[in-house]
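So the structure is just underneath, and the comments pick up after that.
Because the structure is a prediction, the values reported are computed rather than measured.
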Amino acid sequence: MTDTEFYQSLEITQLNQLLENYKEEDVINLLRTFSCEKNKDLEDFLHNPDKAIRLERNQVTRTYLYSTINEKLDLFIVGYFTINLKILDTKGLSSSIIKKLDGIDKKRKHIPCYLIAQLGKNTNCDFKIGQFILDEAIEIIKELNKIVGGRFIILDSVNIEKVIYFYTKDPNSFILLDKKDSEKENLKMYYPLI
């Protein structure tokens, strides 16, 4: 099976739809099929009911799950992303970047934006789905943008060269807001919508 054929075989489901249609215990069991050895925070976000489920029920985030059936005919999560609204604090950013992000005021202290809060791939998935999931997240945000406006998307990338390269290379073209040589665990990036 090619990567493209695999993408087409995936089911995409919003977490809130699962919570409306199934018992919470069954939803928790499905979320626990996600495994991410490289980033346990991504795994914990789905496994801990006080995170993904709580944020979803309280209308803070929207989590989109990609699932498939394995060789044992069990449904499992192969990847997911979470989006929400955010207010970017511009402290420490140059006035030219602030003006670029805001579009009007170079002294703006806080700018509303979209946030890709989580984006993860199951360790047990052999297909390259990171780009596919990111493209889907951006497309959903672009649809929201047509309705409510907004100028950019932000995300916090783990400060690992390979991950930073993934987000900054074409076709993604996220732009670093933090310095690349920073000692920070996560680096903030933005993606212009205009």
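Here CG of N39 is found 13.5 Å from NZ of K121. Values are rounded to the nearest 0.5 Å. To the nearest 0.5 Å, atoms CG (L115) and CG (L85) are separated by 9.0 Å.
Under the salt bridge (charged side-chain N to carboxylate O under 4.0 Å, His left out) criterion, E43 pairs with K40, not counting sequence neighbours. Among residues two or more places apart in sequence or in another chain, the ring-ring contact (aromatic ring centres under 6.0 Å, His included) test is passed with Y190 by none. Considering only residues two or more places apart in sequence or on other chains, N29 meets the side-chain hydrogen bond (donor to acceptor under 3.5 Å, both in side chains) condition with none of them. E25 pairs by the salt bridge (charged side-chain N to carboxylate O under 4.0 Å, His left out) definition with nothing, not counting sequence neighbours. Partners of K86 by side-chain hydrogen bond (donor to acceptor under 3.5 Å, both in side chains), not counting sequence neighbours: none found.
Under the 3.5 Å distance criterion, the side-chain polar atoms of N48 are matched with a main-chain donor or acceptor of D50.
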Test salt bridge (charged side-chain N to carboxylate O under 4.0 Å, His left out) applied to D156 and K188, step by step: CA-CA 4 Å; D156 289 323; K188 194 169 295 313; 2.8 Å; yes
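With F34 as the fixed residue, the ring-ring contact (aromatic ring centres under 6.0 Å, His included) test singles out one of Y80, Y66, F45: Y80.
Under the 30°/60° scheme for interplanar angles, the aromatic rings of Y167 and F174 are found to stand perpendicular.
Within the structure, salt bridge (Lys or Arg N to Asp or Glu O under 4.0 Å) contacts touching residues 93-120 (residues at least two apart or in different chains) are D102-R108.
For the residue pair D135/Q131, the side-chain donor-acceptor check at 3.5 Å is satisfied. S96 and S94 share a donor-acceptor pair across their side chains, judged by distance under 3.5 Å alone.
Taking a 6.0 Å sphere around NZ of K38, one finds it holds 12 or fewer heavy atoms contributed by other residues, nucleotides or ligands.
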